[in-house]
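Both backbone and side-chain heavy atoms feed into the values below; hydrogens, waters and symmetry mates do not.
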Amino acid sequence: MLYIGIDLGTSAVKLLLMNEKGEIKNVVSREYDIFFPQSGWSEQNPEDWFKEVLNGIDELTVNCDKNQIAGIGAGGQMHGLVILDKENTVIRPAILWNDGRTNEETDYLNNKIGKQKLSECTGNIAFAGFTAPKILWLKKHEPEAFSKIDKIMLPKDYINYMLSGVHCTDYSDASGTLLLDVKNKCWSNEMLSICGIKQSQMPKLFESYEVVGTIKQDIAQKLGISKEVKIVAGAGDNAAAAIGTATVGEGSCNISLGTSGTVFISSETFKADNANALHAFAHADGKFHLMGCMLSAASCNKWWLEDILKTEEYQKEQQNISDDKLGENHIYYLPYLMGERAPHNDTNARSCFIGLSMNSTRKDMTQAVLEGVAFGIRDSLEAVKELGIQVNNSTICGGGAKSLLWKKILANVLNIELITPETEQGPGYGGAILAAVACGEYASVNDAVKKLVHITDKIVPEPKMAERYEKCYQTFRKLYPTLKNIFTEI
């Protein structure tokens with residue numbers, strides 16, 4: 001049988017076709033626009049997502065036996081607010097995960113409602129990117145749109161709704177709304193009341209590997225596939241990517257070096273750190289996970305190379321950065337282009353270079369960008385260590401993981417072994433695996449990943465280089481506290 005995995009990203013939707021053995025038969029990508037109506041705002045049209053999903057499936061399946069397609073599973077960008085009226089029409093563009101307009105609402109939730117109350121209700125505190133602050137912002141600034149809300153959903157859930165007609169979400173994605181009681185896996189009535197919304201407006205909750213329905217007949221006919229194709233709940237992008245890298249069970253770690261950067265630790269039981277620097281979310285395997293998320297990771301390198309240096313030759317810019325320079329760079333870069341989430345939770349934080357001199361070079365600055373992101377990832381790993389969790393190795397995925405230099409920097413900054421899966425297709429591969437489990441191809445998610453996910457290479461830290469980077473990191477971690485008040489002023 002064949003399974004379709006959807007990765008609904010921020011810049012494009014990526015789709016893959018996988019057989020029951022986990023082999024990738026085809027991959028396609030379709031881009032769509034992102035809009036920045038004001039500084040710090042970030043929006044997209046959900047209709048654009050669905051249009052490109054349909055176009056992508058059409059392209060993906062052109063040379064296959066469409067009768068073999070059994071299920072569709074999606075991993076998608078988290079936290080985005082999608083709202084529909086009673087006619088199932090999108091009311092306004094989706095407010096995305098990296099949108100920073102909700103400073104006042106986030107402060108209200110954390111300081112007026114209180115972090116302790118939020119943690120009791122959801123296991124988490126408010127971050128500007130989460131869905132609940134967006135709802136409060138909408139209620140205050142666009143009351144007419146707020147009054148029309150009939151259905152609230154997350155980005156990948158809009159795709160599932162359009163495919164199946166079922167208003168649904170999964171626990172991993174719902175964890176990032178600040179509306180879910182994560183520990184008990186149910187909507188928090190107290191949080192819904194705080195945001196002025198009702199249970200009836202919220203999607204039905206499913207495990208990520210559960211079938212929510214079958215594809216609508218008109219969509220099936222349009223795509224030329226069976227109306228019996230199962231639509232699976234899927235997962236938030238990081239949880240889906242973790243499935244695709246076999247990050248399941250107690251203490252497994254995955255680092256995602258995509259547009260954003262994450263440290264993802266799977267857990268058999270619900271855990272939360274006292275400072276709430278990490279997100280305590282449900283996992284796509286039916287258990288739980290801890291996650292530290294930085295808002296700008298590979299996007300920092302993209303910004304530096306394409307927007308500032310005006311080049312797309314990524315490899316060429318990195319090829320002359322030799323090992324003897326690693327851990328010896330005197331330039332530091334703070335990776336806060338969109339503010340920062342873990343561990344600072346500061347929408348005012350901004351990127352900067354520090355330590356420039358007359359002999360600083362383009363190569364030094366390129367290296368500093370790669371190192372700054374690695375240091376930001378380590379900030380989250382430090383919060384993990386404070387919970388008594390020891391991480392000795394991690395899988396790694398995401399676009400940035402294609403750079404051998406960046407992986408070497410990261411392995412030595414973190415001083416852990418980094419493992420690259422043979423199939424690196426991120427959330428789309430995880431979505432396809434979840435679809436295969438839902439369709440009965442495998443007994444469980446754990447069973448599926450043991451059989452499907454294989455390792456292709458490992459990078460081991462070098463003691464002397466790791467020691468040099470340890471000193472650099474201790475300097476890096478002093479920079480944000482020193483500049484915090486300056487960021488607020490500017």
Side-chain angles (χ1 to χ4, degrees), residues 9 11-12 29 254-263 294-338 351-357 359-379 381 394-422 424-426 456-473 475-476:
S11 58
S29 181
N254 180 58
I255 293 170
S256 178
L257 206 55
T259 301
S260 61
T262 60
V263 173
M294 58 187 298
L295 293 179
S296 302
S299 54
C300 288
N301 196 37
K302 185 177 188 295
W303 163 81
W304 171 241
L305 294 181
E306 297 185 18
D307 294 349
I308 306 303
L309 300 183
K310 304 298 182 184
T311 179
E312 294 185 8
E313 296 188 72
Y314 284 57
Q315 189 173 355
K316 183 179 178 181
E317 292 296 324
Q318 296 179 14
Q319 67 185 10
N320 293 321
I321 299 174
S322 55
D323 283 3
D324 62 301
K325 286 286 291 180
L326 303 185
E328 298 286 359
N329 196 3
H330 297 292
I331 301 173
Y332 289 83
Y333 169 77
L334 271 63
Y336 310 139
L337 289 174
M338 299 287 293
S351 286
C352 62
F353 288 98
I354 190 165
L356 294 168
S357 64
N359 62 354
S360 297
T361 66
R362 170 176 177 148
K363 183 172 64 175
D364 295 336
M365 296 177 75
T366 299
Q367 180 180 334
V369 170
L370 304 180
E371 291 170 338
V373 172
F375 293 144
I377 291 284
R378 174 152 173 192
D379 278 342
L381 198 64
S394 174
T395 52
I396 185 167
C397 65
K402 295 176 182 177
S403 166
L404 181 61
L405 173 66
W406 210 347
K407 287 195 290 186
K408 180 182 288 188
I409 290 171
L410 193 58
N412 284 281
V413 166
L414 304 181
N415 200 18
I416 63 172
E417 183 180 81
L418 291 183
I419 303 165
T420 305
E422 185 178 44
E424 206 295 272
Q425 292 290 345
T456 182
D457 68 32
K458 298 179 181 180
I459 294 182
V460 180
E462 302 170 23
K464 290 185 178 179
M465 190 183 297
E467 187 178 340
R468 295 198 301 267
Y469 269 126
E470 178 64 29
K471 294 178 181 177
C472 294
Y473 175 68
T475 299
F476 172 86

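When side chains are defined from C-beta on, Asn412 counts as touching Lys408, because their heavy atoms get closer than 4.5 Å. Contact of the Asn301 side chain with the Trp406 side chain is registered, since non-hydrogen atoms from C-beta on lie closer than 4.5 Å. Side-chain contact check for Ile377 versus Val263: some heavy-atom pair is nearer than 4.5 Å. The closest side-chain heavy-atom distance from Cys472 to Glu371 is not below 4.5 Å. Side-chain atoms of Leu295 and Tyr336, non-hydrogen and from C-beta on, never get closer than 4.5 Å to each other. For the pair Leu410/Ile396, a side-chain contact is recorded, criterion being any heavy-atom separation below 4.5 Å from C-beta on. Considering only heavy atoms from C-beta on, Thr262 stays 4.5 Å or farther from Ile255 through its side chain. Here the side chains of Asn254 and Cys397 are in contact, with some heavy-atom distance below 4.5 Å.
Residues satisfying the ring pair (Phe, Tyr, Trp, His ring centres under 6.0 Å) test with Tyr473, not counting sequence neighbours, are none. For Trp304, the ring pair (Phe, Tyr, Trp, His ring centres under 6.0 Å) test picks out Phe353, with sequence neighbours left out. Among residues two or more places apart in sequence or in another chain, the side chain to side chain contact (heavy atoms under 4.5 Å, CB included) test is passed with Thr259 by Trp97, Ser299. The side chain to side chain donor-acceptor pair (under 3.5 Å) test applied to Ser260 returns no partner, not counting sequence neighbours. Every residue two or more places apart in sequence or in another chain that forms a side chain to side chain contact (heavy atoms under 4.5 Å, CB included) with Lys325 is listed here: Ser322, Asp364, Gln367. Not a single ring pair (Phe, Tyr, Trp, His ring centres under 6.0 Å) links Tyr469 to another residue, sequence neighbours left out.
Between Ile409 and Ala374 the shortest heavy-atom distance is CG2-CB, 4.0 Å. The two residues Ala401 and Lys407 make their nearest non-hydrogen contact at O-CE, 3.2 Å. Closest non-hydrogen pair, Val373 versus Cys300, comes out as CG2-CB, 4.0 Å. Contact between Pro421 and Thr456 at its shortest, heavy atoms only, is O-CG2, 3.5 Å. The two residues Ser360 and Gly355 have their closest heavy-atom pair at OG-O, 4.3 Å. For the pair Ile416 and Ser394, the tightest heavy-atom approach, listed with the atom from each and the gap, is CD1-CB, 3.9 Å.
Note that CG of Asn359 is 9.0 Å distant from NE2 of His330, once rounded to the nearest 0.5 Å. Tyr314 OH to Leu305 CG: the interatomic distance, rounded to the nearest 0.5 Å, is 5.5 Å. Atom OH of Tyr332 is separated from atom OG1 of Thr475 by 4.0 Å, given to the nearest 0.5 angstrom. Taking CD of Glu467 as the start and CD of Glu462 as the end, the distance is 13.0 Å to the nearest 0.5 Å. Once rounded to the nearest 0.5 Å, the distance linking CE of Met294 with CG of Leu257 reads 8.5 Å. One distance of note links CE of Met365 with CG of Asn329; it measures 10.0 Å at 0.5 Å rounding.
For the pair Asp307 and Lys302, the salt-bridge criterion is not met [side-chain N within less than 4.0 Å of a carboxylate O]. Of the charged side-chain nitrogens involved, at least one lies within less than 4.0 Å of a carboxylate oxygen, so that Arg378 and Glu470 count as a salt-bridged pair. A salt bridge does not link Glu317 with Lys363: none of the charged nitrogens is closer than 4.0 Å to a carboxylate oxygen.
Under 3.5 Å, the side chains of Gln318 and Ser403 contain a donor-acceptor pair of N or O atoms. No side-chain donor from either of Thr420 and Lys458 sits under 3.5 Å from a side-chain acceptor of the other.
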| request: Check step by step if side chain to side chain contact (heavy atoms under 4.5 Å, CB included) holds for Tyr333 and Ser351. | output: CA-CA 7 Å; Tyr333 169 77; Ser351 286; 3.2 Å; yes

| Given Leu326 and Leu405, is the side chain to side chain contact (heavy atoms under 4.5 Å, CB included) satisfied, shown in steps? | CA-CA 10 Å; Leu326 303 185; Leu405 173 66; 4.1 Å; yes

| message | With side chain to side chain contact (heavy atoms under 4.5 Å, CB included) as the criterion, how do Glu417 and Ile459 come out once you've worked through the C-alpha distance, each side chain's angles and the decisive distance to 0.1 Å? | response | CA-CA 6 Å; Glu417 183 180 81; Ile459 294 182; over 6 Å; no

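Surrounding CD of Glu306 are more than 12 heavy atoms belonging to other residues, nucleotides or ligands, all under 6.0 Å away.
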